[in-house]
Amino acid sequence: MTLATATLGYPRIGKNRELKKALEAFWGQKSDEATLRQTVQQIRLANWQTQKDAGIDHIGIGDMSLYDWVLDWIGRLGLIPQRFQHLAGLDQYFAMARGREGIPALEMTKWFDTNYHYLVPEIAADMEPKADFAEFLAVVDHAQRVLGSRAVPMILSPVTLLCLSRREGDFLAHLHRLLPLYRELLTQLAARGTAEVQFHEPILVTSQGVGLRTAIETTYTELAAVGVPIQVMTYFDDLGDTYPWVVALPVAGIGLDFTRGRNLELLQKYGFPSDKTLGVGLVDGRNIWKIRPQRVMPIREAIQKVTKNLRLQPSASLQFIPYSAQRETNLPAPLRQVLSFAEQKLAEVVLLAHGGEGNAEKLACLEAQWQAFAQFSPANPTVRERLHQVTPQTLERALPYEQRRPLQPQLPPLPTTTIGSFPQTSEVRQLRVKRKRGEITQAEYEAAIDAEIARCIRYQEEAGLDVLVHGEFERTDMVEFFGQQLAGFAFTEHGWVQSYGSRCVRPPIIYADVARPQPMTVREFRVAQSLTQKIVKGMLTGPVTMINWSFTRDDLPRREQALQIALALRDEVADLEAAGAKMVQIDEPALREGLPLKRERWDEYLSWAVDAFRLAAGVAKPETQIHTHMCYSEFGDIMPHIERLDADVLSIENSRSNNETLWQITRAGYKHQVGNGVYDVHSPVVPTVAQMVHQLKSGIAHLPLQQIWVNPDCGLKTRRWEEVIPALKNMVAAAKILREETHATPE
Ligand code: GLN
Ligand code: ZN
């Protein structure tokens, strides 16, 4: 039996990052609005064509965006905050996205647990939405001409939109103000003969879902009345306790993610109404691996036992993965053959929809590819054995914090340092390009990097910082740099995914057991330390951040993959110590990003994530001071886990949070040292001495002086030297003033 197929969204950046280029040209006033819109139109059309050619029956349309999909809905619903209302058109749109002189942008944050960022709607208590669907409807008209009844407009549900917004006022009151606009939209679509629409409702899978019953039931009862069949799409996790009432909504169908969480269990327990379509998200839209027939065919069968009215679809929009694995001809064939990017995922959806019957050959071919891959990347017995030997003691530092502290380097109170990176000038980036092209030798490259390190050390000494860093000039990216030196990581050439707006990233792929063939950071550390009497911190990226910013394996739990990376880092920590490092920083900016969408699963994640950090750091001698750094973090709800990291110094972003972050840490009674991020590195503005004195003073009001370090709130990589040098001088001056005012002396 052949089933229907559907999609829930497609990559938006263009196969060759055309969107990025077009946006940059437009912002740089090198092209005009018409050219920009033309590029968007081309990407949109190409996406439709690809999905049509792949044989998808119900193609989700309307997600193509100049910047962000949520921002588009903000515009369509007229939810324009006051401060942008005097602007119009693209001016207004990009001001909301990126801010402009004197007008801060909308806040940007991660879309659920993905690495895509959306713009946060701001909803005032007296919000008065105003419909502006003309552009959207024009796209629908176009899509219906190109795709006919296959075109399925994708709509961001008002409930998910409100839940994601920053709002004042009553939730249900806002919802009732929005619903008439959605009704109007559906009425317009009905007039166009639109076959069906998708309502995207990912909020249902989060812990908030259970509390939304009234809002959801009201919404769909009202909207279904218009008569356009509605498919409610949920993804990223299971429906949990909302399952029984969600499947009973008066809509045409429900889409469920069968790649994460326990939707299959729920389906088997509660059944599924026979008058509804079940959208079966069985092809993982979030990872880059081909399906494994032995794993998915039984799930497909189990689902078919419960209900027959099925549609095969990716588990989510395919926007989180790159366009096509076929272009990655530099990767070894056995690996490339098991990779599945958006184009390949479409083929898999169709394959699964056609079932096992006619496709035995294709399924057998898939199995053979997986077997070839298994032979190509066998388990690493040394790594497996080492992990097997890990006990709770392995994770423990040799002495508890109170006993370690007196053994560690003694510094003036309020010691000053930075987070690691210094400006990555175009000359530095050029160096790496030249090395890659073979235009300079490795020795020439290293000599040039060493010159940068020397300059960086000199500037830090001149600024009067207490603890120095080497500057990270040899690193393109904090994950890529380590991944490239570790066995088990692969890198694509064209595997770009959108992070936000014009910003794209190329996440590494972890495909096999991770091991460290040789030291990764020791050379640069030695160079830096040889140039100064002051302490230079060794600088590493933590295991959890490496995992959260990579595509991970699907045949080994993430926990295990994190622990393997931790083992490699553990050896690096030991090597840095042996080379004379008295301090090592292990950055974990992405620790929070891995938090599951359902709160009840937080502890499980944090338990292994913290273990991985401890496995990396636990090897350090008591005399060695372990630092960690986390930015954009709220700590309030995860403090016990932060404490369990057992880092000696935790540096945080605090300059933009009004000391709120510091408060959270204090309230929890944190006893270790805290690096107070007093310099906002995301702004080109050089902070004044007075500003930082002020911030430090209120810091001291929160935490004992002996616990506080002084540092910028993140790396300085994106700043210019002209900003960094005066800012660091001011920071050091601020620390000195406070030392004097408080008559603090070294311990
Ligand atoms: N050490 C890194 C740097 O300074 C940390 C970056 C980060 O926290 N995102 O760039
Ligand atoms: Zn940071």
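Counting starts at 1 for both ligands and their atoms, in listed order. On a predicted model such as this, the values are computed, not experimentally measured, just so you know.
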Is there a polar contact between ligand 1 and [X], counting only N or O atoms under 3.5 Å apart?
{"X": "Met478", "result": "no"}
{"X": "Trp549", "result": "no"}
{"X": "Gln585", "result": "no"}
{"X": "Lys717", "result": "no"}

Work out the angle at the Zn ion (ligand 2) between NE2 of His629 and SG of Cys714, rounded to 10°. 130°
Answer yes if the ring centres of [X] and [Y] are under 6.0 angstrom apart, and no otherwise.
{"X": "His627", "Y": "Trp709", "value": "yes"}
{"X": "Phe320", "Y": "Phe236", "value": "yes"}
{"X": "Trp69", "Y": "Tyr118", "value": "no"}
{"X": "Trp111", "Y": "Tyr116", "value": "no"}

Quick check on side chain to side chain contact (heavy atoms under 4.5 Å, CB included): which of Leu728, Thr417, Val678 does Pro712 satisfy it with?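 Among Leu728, Thr417, Val678, the one meeting side chain to side chain contact (heavy atoms under 4.5 Å, CB included) with Pro712 is Leu728.
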For ligand 1, which part of Ser421 has a heavy atom less than 4.0 Å away: the side chain, the backbone, both, or neither?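 Within the 4.0 Å criterion, Ser421 contacts ligand 1 through backbone and side-chain atoms alike.
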May I ask you to list the atoms of ligand 1 that are less than 4.0 angstrom from any heavy atom of [X]?
{"X": "His629", "answer": "8 (O)"}
{"X": "Ile419", "answer": "1 (N), 4 (O)"}
{"X": "Gly420", "answer": "4 (O)"}

Does the side chain of Gln564 come under 3.5 Å of the side chain of Glu560 through a donor N or O and an acceptor N or O? no
With no hydrogens and no angle check, do the side chains of His117 and Asp68 hold a donor and an acceptor under 3.5 Å apart?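 The criterion, which ignores hydrogens and geometry beyond distance, is not satisfied for Asp68 and His117.
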Shortest heavy-atom approach to atom 7 (C) of ligand 1 - which of Gly715, Ser651, Cys714, Pro712: Cys714
Could you check which of Asp587, Thr628, Asp713 puts a non-hydrogen atom nearest to atom 1 (N) of ligand 1?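 It is Asp587 whose heavy atom sits nearest to atom 1 (N) of ligand 1.
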Hey, what's the ring geometry for Trp608 with Tyr605, parallel, tilted or perpendicular (30° and 60° as the breaks)?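 It falls in the perpendicular class, over 60°.
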